[in-house]
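Just so you know, these numbers come straight off a predicted model, no measurement behind them. In what follows, every chain begins at residue 1, and chains take the letters A, B, ... in the order their sequences are listed.
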Amino acid sequence: MHWADVTAQALAHKGNKHIISTGITPSGEFHIGHLREILTGDMISRAAKNAGLDVDFIFIVDDADPLRKVYPFLHDDYSQFIGHQIGSIPAPDENGKPDFEKFSKDGLSYADYFLSPFLEALRTIGVVPRIIKNLHSYRSGAFNEVSKIACDKADDIREIIERVSTRELAGDWFPWSPLDSKGSLEGVVVTGYDYPLVHWKDSHGVEGSSDITKGEGKLPWRIDWPAKWSWIGVTCEAFGKDHGAAGGSYATGREICQLFGHQPPQPLTYEWISLKGQGAMSSSTGNTIGPIEALELVPPEILRLLIAQSKPNKAIEFDTGMSLVNLADEYERLLSRNFDQELTEQDLSRRKKVQIEDAIGALKMSKVSPESTLESSNVTFRHLCLLAQTKTSDEMVWSSLGYSSTDKPPTSLVDRLNKMKLWIKSKHLPEEMRISIIDNPELEMFKEFGDEEIKVLKLLKEELERCEWNSEDIGNAIPNSAKTIELSPRIAYFVAYKSLMGRSRGPRLAPILAEIERERIIKIIEKCLIVINS
RNA sequence: GGGCCUGUAGCUCAGUCAGGUAGAGCAUCCGGCUUUUAACCGGACGGUCGCGGGUUCGAACCCCGUCAGGCCCGCCA
């Protein structure tokens, strides 16, 4: 059973109506890691729907969180906003400075600035959650009831946090963070509580009162989270391992939640995604691949597959090089499998059966829309990469794949070609996939050459000097260089690839050579002969 | 200090919850396709399941211990 179905099954035991939640703080550029949060929730939702449950899938935007520091991509001007809620401060402009004009005119907040493109990417990838903005929820009174309970039961909450997290809270700790005279959540000391007012004194020496029913502050994270579960009615939430550890915010949250009179949601802890060789992704260090950037390179199904095929507790190492190639090819392979037939095979071991079922599940979860039908294009990523690099026009790519003006390629394939061309142009294309002619051969390349190979190479040069310089004639010239001395054409290809590209196999050579000047090719072969003789 | 996750073929991983002959893909090698789409088809190679105990007729799987890597117990997906 697919992992999402396992979770759905657990939910089915608890009831028919479920609110599945996800949540992110838009404090900077979104990255692939955030996609795991959302897609894990999305996949559980889909599985739950398939199981016949009534599902509401939500995405809580934590725009009530404060700006922690001036991140490297921000201008120093932002230091005035440290501690301020990211839904209530201006977005950065192209220089990283606060854009006051857009903020006052269009209301574009810091949080919205990072959120909007992410939501756009989510649509592309087939995820359309109900959005709940935290700041608005506080201001509109959604937190009233739970906030009151939290403040009334401050001692109980303190006990839970201190016991479960084994962390001692400060003496003046209080389960409500008021906004200070400047609008910051930092450096404020709570001096008293008299519902609905929390009295405070800030770092500037100013004293005031925060009305908890008007969103003049917020609950600290460890209380804010279970508070959301309670007023929204969350029954299931997937969260990163940082929250899942013993003593972490889920552990305290599940108890605090019950204080609010609500049962804690079904948890699912997921591992992080790291960038190969560079450690965990982090918005603040700039070590990221954005979902938007990734979607420019590959179709959304493939990004979904990345999340779907790995169990949540597996760490994922991602990169936009060979990992992407393998992932994309894996996707095509899945599409072309005949699962029905595989499942009817005799003597199917339990192990094998599980494997097939998981593959079916992963493929199902990779669909952008649950209803869409999947069809195999029978064109692998590698192959398309090759065609995109060697053909000079799209038409030539299509005709190579057997399409014509009457039998046009499907739009999904056209889209893939366009993405492929972007990938080839980008810095992400691995050297391994790049087609290149080696102009300066080295002796190392010819260590497998014997007398026959050298003879063929000399004949190849003669053939290429003589033939018409077009794809067809070059295509004949290569095998002929071996045939004339009654050797297998295989040797001729081996010799040609080694000499021109430094590898023993490769893509169809003739069309590539036809695009290059004859003189350059002849010169390379001459150099090869010199190197071999040296 | 306390806790969580991971460790299975050269690589990426499935299989661990419900113990029953160790699996896939990639890579490599060989063969086929009488002149190659890095294609396609067939085959081969490849593992003391981190290590040591225990339970069991039987353990990758359950239990105890141990080693290694990652992470959490301020904030972070």
Side-chain angles (χ1 to χ4, degrees), chain A residues 1 6 22-25 27-28 30-41 62 65-66 68-69 161 164-167 169 220-222 238-252 269-274 276 279-284 309-317 322-323 325-327 329-330 333-334 337 349-359 362 378-387 389-391 397 400-402 432-433 435 475-483 488-490 492-494 496-497 501 503-511:
Chain A
M1 215 190 320
V6 173
T22 58
I24 298 173
T25 306
S27 57
F30 280 80
H31 51 69
I32 296 276
H34 293 114
L35 219 46
R36 191 170 206 179
E37 163 88 17
I38 298 288
L39 282 177
T40 304
D62 285 325
D65 288 4
R68 303 271 171 206
K69 58 177 176 182
I161 293 178
V164 177
S165 74
T166 66
R167 169 169 72 105
L169 296 174
W221 163 248
R222 278 179 185 261
F239 44 83
K241 61 174 176 182
D242 47 333
H243 296 314
S249 46
Y250 181 77
T252 49
T269 310
Y270 61 85
E271 256 286 355
W272 291 24
I273 297 179
S274 61
K276 203 163 250 174
M281 288 204 204
S282 165
S283 310
S284 47
Q309 72 168 1
S310 299
K311 285 190 180 182
N313 64 2
K314 284 281 184 185
I316 296 177
E317 276 209 350
M322 287 314 288
S323 301
V325 178
N326 292 330
L327 188 66
D329 281 350
E330 169 77 17
R333 244 193 326 277
L334 281 174
R337 276 169 72 173
S349 68
R350 179 174 153 263
R351 201 172 275 139
K352 188 116 186 163
K353 202 174 156 204
V354 167
Q355 199 168 55
I356 296 170
E357 284 172 351
D358 280 354
N378 285 317
V379 184
T380 63
F381 201 78
R382 295 182 127 86
H383 187 197
L384 196 61
C385 178
L386 160 83
L387 292 178
Q389 286 183 82
T390 54
K391 304 293 179 187
V397 171
S400 161
L401 289 169
E432 200 179 331
M433 299 291 288
I435 292 175
N476 287 324
I478 297 168
N480 280 343
S481 58
K483 278 178 165 181
S488 161
R490 185 181 287 271
Y493 280 98
F494 176 74
Y497 283 117
M501 299 177 77
R503 50 179 79 204
S504 47
R505 304 177 66 188
R508 193 186 275 271
L509 255 183

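- Interatomic distance, CG of Asp242(A) versus CH2 of Trp272(A), reported as 4.5 Å (0.5 Å rounding).
- Taking atom C1' on both nucleotides, C29(B) is separated from A9(B) by 15 Å, rounded to a whole Å.
- Computed from coordinates, the Leu327(A) CG to C11(B) C1' distance equals 15 Å when rounded to whole Å.
- Nearest-nucleotide mapping onto RNA chain B: of Val6(A) and Gly475(A), the residue sitting toward the 5' end is Val6(A).
- Of all nucleotides present, only U28(B) satisfies the Watson-Crick or G-U wobble test against A44(B), with each distance under 3.5 Å.
- Taking atom P in both G10(B) and C5(B), one finds a spacing of 27 Å when rounded to whole Å.
- Proximity of Lys314(A) to the phosphate of A14(B): a side-chain N or O atom is located under 4.0 Å from OP1 or OP2.
- Comparing atom distances between the Tyr493(A) side chain and each of G15(B), U36(B), C76(B) picks out U36(B) as nearest.
- Within 4.0 Å of Thr25(A), counting heavy atoms only, lie sugar-phosphate atoms of the nucleic acid but no base atom.
- The gap from the P atom of C41(B) to that of A59(B) amounts to 39 Å, rounded to the nearest Å.
- Under 4.0 angstrom from either OP1 or OP2 of G15(B) there lies at least one side-chain N or O belonging to Lys311(A).
- Of the nucleotides present, none pairs with G19(B) by Watson-Crick or G-U wobble criteria with both distances under 3.5 Å.
- Here, C11(B) and C4(B) have their C1' atoms 27 Å apart, quoted to the whole Å.
- Contact annotation: Trp221(A) reaches the phosphate of C76(B) (side-chain N/O to OP1 or OP2, under 4.0 Å).
- The Tyr497(A) side chain lies nearest to U36(B) when the options are U36(B), A14(B), G74(B).
- Rounded to whole Å, the separation between the P atoms of U16(B) and G7(B) comes to 12 Å.
- Taking the P atom of each, G70(B) and C40(B) are spaced 38 Å apart, rounded to whole Å.
- Side-chain N/O atoms of Ser481(A) include none lying less than 4.0 angstrom from OP1 or OP2 on U35(B).
- Here A9(B) sits opposite no nucleotide as a Watson-Crick or G-U wobble pair (both hydrogen-bonding atom distances under 3.5 Å).
- Of the candidate nucleotides G70(B), G25(B), C75(B), C75(B) has the atom lying nearest to any side-chain atom of Arg68(A).
- To the nearest 0.5 angstrom, Phe30(A) atom CZ is 8.5 Å from Thr25(A) atom OG1.
- Nucleotides A38(B) and C49(B) place their P atoms 40 Å apart, quoted to the nearest Å.
- Residues Thr269(A) and Tyr250(A) have side chains not in contact (no heavy-atom distance under 4.5 Å, counting atoms from C-beta outward).
- The separation between Lys241(A) atom NZ and C75(B) atom P is 16 Å, rounded to whole Å.
- Look at CG on Asp62(A): it is 12 Å from C1' on C75(B), rounded to the nearest Å.
- Between Ile273(A) and the choices His31(A), Arg36(A), His34(A), the side-chain contact (heavy atoms from CB on, under 4.5 Å) rule is met once, by Arg36(A).
- Distance from the side chain of Asn313(A) is smallest to U6(B) among G70(B), U6(B), U36(B).
- Taking 4.5 Å as the limit, every side-chain heavy atom of Thr22(A) sits out of range of all side-chain heavy atoms of Thr40(A).
- Here the separation of A24(B) from G15(B), taken at their P atoms, is 15 Å to the nearest Å.
- Put simply, CG on Leu384(A) is 13 Å from P on A38(B), counting in whole angstrom units.
- Within the 3.5 Å criterion, the main-chain N or O of Gly23(A) finds a donor-acceptor partner in the side chain of Glu37(A).
- C76(B) atom P lies 14 Å from atom CZ of Phe30(A), rounded to whole Å.
- Nearer the 5' end of RNA chain B, as judged by each residue's closest nucleotide, is the contact made by Ser165(A), out of Ser165(A) and Asp65(A).
- Residue Asn476(A) contributes atom CG, which lies 16 Å from atom P of U34(B) at whole-angstrom precision.
- Between Arg222(A) and Ser165(A), the closest side-chain pair of non-hydrogen atoms falls below 4.5 Å.
- Distance Phe239(A) CZ to C76(B) P: 13 Å, rounded to the nearest Å.
- Under the Watson-Crick or G-U wobble criterion, with both distances below 3.5 Å, G1(B) is paired with C73(B).
- Residue contacts shown for Arg36(A) are absent, as no nucleic acid heavy atom lies under 4.0 Å away.
- For the pair Glu271(A) CD and C71(B) P, the interatomic distance rounds to 9 Å; values are reported in whole Å.
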